[in-house]
Protein chains: 6
Amino acid sequence: MFSRLFAPTTTVSAHCDLPCGVYDPAQARIEAQSVKAVIEKYNAADASDPAFKARCLFIKEERSDLVKHHLWVLWTDYFKPPHFEKYPQLHDLFNQATKLAGAGGTKSSTDVAVADQLLAKIDEIAEIFWETKKA
Amino acid sequence: MFSRLFAPTTTVSAHCDLPCGVYDPAQARIEAQSVKAVIEKYNAADASDPAFKARCLFIKEERSDLVKHHLWVLWTDYFKPPHFEKYPQLHDLFNQATKLAGAGGTKSSTDVAVADQLLAKIDEIAEIFWETKKA
Amino acid sequence: MFSRLFAPTTTVSAHCDLPCGVYDPAQARIEAQSVKAVIEKYNAADASDPAFKARCLFIKEERSDLVKHHLWVLWTDYFKPPHFEKYPQLHDLFNQATKLAGAGGTKSSTDVAVADQLLAKIDEIAEIFWETKKA
Amino acid sequence: MFSRLFAPTTTVSAHCDLPCGVYDPAQARIEAQSVKAVIEKYNAADASDPAFKARCLFIKEERSDLVKHHLWVLWTDYFKPPHFEKYPQLHDLFNQATKLAGAGGTKSSTDVAVADQLLAKIDEIAEIFWETKKA
Amino acid sequence: MFSRLFAPTTTVSAHCDLPCGVYDPAQARIEAQSVKAVIEKYNAADASDPAFKARCLFIKEERSDLVKHHLWVLWTDYFKPPHFEKYPQLHDLFNQATKLAGAGGTKSSTDVAVADQLLAKIDEIAEIFWETKKA
Amino acid sequence: MFSRLFAPTTTVSAHCDLPCGVYDPAQARIEAQSVKAVIEKYNAADASDPAFKARCLFIKEERSDLVKHHLWVLWTDYFKPPHFEKYPQLHDLFNQATKLAGAGGTKSSTDVAVADQLLAKIDEIAEIFWETKKA
């Protein structure tokens, strides 16, 4: 599924709210990958290095915020009423994904499984996104 | 007037993603009021003052972004699955409201009616918000 | 409750530096309420959850900064020389309030009483603000 | 020239709200110098290059905001009650300087004289600042 | 070359300065694609819609800044001395690419060819980046 | 001392990417001084005040980022190809300095010697900067 995600060059499209028309779920995914990597480093870190662990925590907070932001932009700016009709699960999917990058998700948790759930939700969104681009 | 605004302190609820539990649709509304005021000033401005008109445009862009942000925070951080069940229109309401503060709304438009539509959507959301707080 | 909050729309006044003319001390107050709530959660948190406590600390830092910012905007952008003449205590009030949201106040402290002092100062400012709006 | 600027390292003082104790009015002055330079370029620009003139306007807006921010930080974080007692004009000075970097000053104006007034106010503040550092 | 760029999932690597180890030139490229799309829309826009053209200009400014930021992060945080030894052109490449996203590039220009030059430079960087990841 | 600092106004040069032409390595140096001061306070702090130590860590992170940003701006926006020809060490100097303000430098370290190394690199850059201004 991932290779489909990035395969066609023309798909690196739009994202700013001009709108320039260039949206790409990769932006959210890269940040979520980062969140996951930070959690792994946090868990691997020695308890005797509290400064490193503290840095992990606020970088994780900041990167989780970026995940939320990129997903919100897709939900509001890219997806249109016909998409929501065709994919009735889309609203919930975005709400759940952004919650997974929030206080009930990767912001509070240091469990790598939560980051994996977030990545899985982003992949579900990305799959729909690329279907709509092909349509 | 002031005492009426602040008297019931429990109405000033929560908003940060600790979560601190303090959410308030007033944050989005204040920014939307600002967007409306900027549009009015833009339309009243003399064509011979392009610098002022330019300032209106990017302040409007920035304030519209803040409206979107405050609404997204409410949608993801405050509202929970039981709310979405009880108010099935809530997803659409937020999607429409944030779109009204975006490229298809107050970002591109200089029509005060668009700002009024945005304010009306925020009021619909706020009404539901305060119902859920009383529940 | 909602209708009471939003009914007199003219009370939701101005804040951007166009200026759009929409100022509202509620913006500072909401952030200060958040700071207070975060302090309460910090104190209630279990010492065995250092990650949560760390999150409290930097969210408190960030929200305290927002309090300061909203107050500075009111002091510079809304209040004019005649206000400072009529309310000679206003400069000190703002200086003290912003200090209470800084390093000598809610940024360093985890004492809920400090947040209450900050809220009280904001209320003093708000009272003067609403008097000037009626004038 | 360089050695003169940096030689006495104790003159580069403090500014973050830990507080780290390193404040320096140079931060506000550099931004104000930038505002002035932008105004000069704006006025020198050809009317046939509206894109350049537009860029001048929003860079001027942004840099004026930075001037305000750096001054607010000095006013709240560096100066203490004994300073305000010794320099009773200090509150007004800061209020006027930040207003000069706002909607009634360099934000709305494209007159280089306004930028010069702002720079002069910053220099008055800086002179008091360095006096207090020597004290 | 592009398909090589995104093909293997493990290539969505790192970018935050923990460092989390997840860098990806796609972040800079997406923003540069946006800059190009904005320029195209700017040039296609009717002169009678100055508000839209103004929006294009400051969105272009903002997105160009993001290009610069993402490239700077790669240059400082990802690339190490051995990379600079193996690819002696790398410093210049980054300096030229960031300049192309600045005042002498897409910030001042509304020529789509400049955006294409920027994209080409990013692709050169990306090619080296992926070579070093395979190494 | 003050008059010496500001007297030759032409020395406070340029920095925004209009470009306004006002660059000054003092911006990076002030932030680096702050990083050093924060490290000193961190090391002097009592282990029994974890909240203060946590604040030190994220303020240090934020200020280190500002150092990097100001240096990147100088490297891309101020320095031109002839400078890089005349000072072939300049690319490495900037790369090393920004790394010293990053994960391998003041971001991860709480050793004041690392901050001193960063300050020394900034001084090397500043010396070249002022030479080019005189040229």
Side-chain angles (χ1 to χ4, degrees), chain B residues 1-42 45 52-53 55-60 62-63 66 70 116 119 122-134, chain C residues 1-42 45 52-53 55-60 62-63 66 70 116 119 122-134:
Chain B
M1 179 164 300
F2 166 71
S3 59
R4 232 191 316 143
L5 196 73
F6 286 122
T9 65
T10 57
T11 66
V12 180
S13 335
H15 73 307
C16 89
D17 196 18
L18 181 58
C20 64
V22 179
Y23 299 94
D24 195 330
Q27 292 188 302
R29 200 180 207 281
I30 289 171
E31 303 299 342
Q33 284 281 100
S34 172
V35 168
K36 182 181 173 178
V38 170
I39 290 176
E40 287 167 343
K41 293 209 170 188
Y42 177 86
F52 181 79
K53 290 182 93 80
R55 291 185 66 227
C56 290
L57 292 174
F58 49 73
I59 288 174
K60 180 164 69 78
E62 182 185 78
R63 295 294 148 176
L66 286 170
H70 287 306
D116 280 328
L119 284 162
I122 293 172
D123 286 348
E124 277 188 69
I125 287 169
E127 199 148 9
I128 292 174
F129 173 84
W130 292 111
E131 275 181 30
T132 63
K133 295 291 285 186
K134 276 185 293 191
Chain C
M1 176 165 303
F2 166 73
S3 59
R4 228 186 325 140
L5 197 72
F6 286 121
T9 65
T10 56
T11 67
V12 178
S13 342
H15 74 307
C16 90
D17 196 17
L18 179 58
C20 65
V22 179
Y23 298 94
D24 195 330
Q27 292 188 300
R29 201 180 205 283
I30 290 171
E31 303 300 342
Q33 284 280 101
S34 172
V35 168
K36 181 180 173 179
V38 169
I39 289 175
E40 288 168 343
K41 293 209 169 187
Y42 177 85
F52 181 79
K53 291 183 92 80
R55 290 185 66 229
C56 290
L57 293 174
F58 47 75
I59 288 174
K60 180 164 68 78
E62 182 184 78
R63 296 294 148 177
L66 286 170
H70 287 306
D116 280 329
L119 284 161
I122 294 172
D123 286 349
E124 277 188 71
I125 287 169
E127 198 149 9
I128 292 174
F129 173 85
W130 293 111
E131 275 181 30
T132 62
K133 296 291 284 185
K134 276 185 293 190

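Chain A is the first sequence line, chain B the second, and so forth, proteins listed ahead of strands; every chain is numbered from 1. Just the heavy atoms: all of them, side chains too, but no hydrogens, waters or symmetry mates, feed the values below.
Of the atoms belonging to L18(B), heavy atoms from both backbone and side chain fall under 4.5 Å from chain C.
For the atom pair S34(C) OG and D24(B) CG, the distance stands at 12.0 Å (nearest 0.5 Å). Between atom CD of residue E62(B) and atom SG of residue C16(C) there is a gap of 7.5 Å, rounded to the nearest 0.5 Å.
Applying the side-chain hydrogen bond (donor to acceptor under 3.5 Å, both in side chains) test to K41(C) and every residue at least two apart in sequence or in another chain returns nothing.
For the residue pair C20(B) and A37(C), the shortest heavy atom distance occurs at O-CB, 3.5 Å.
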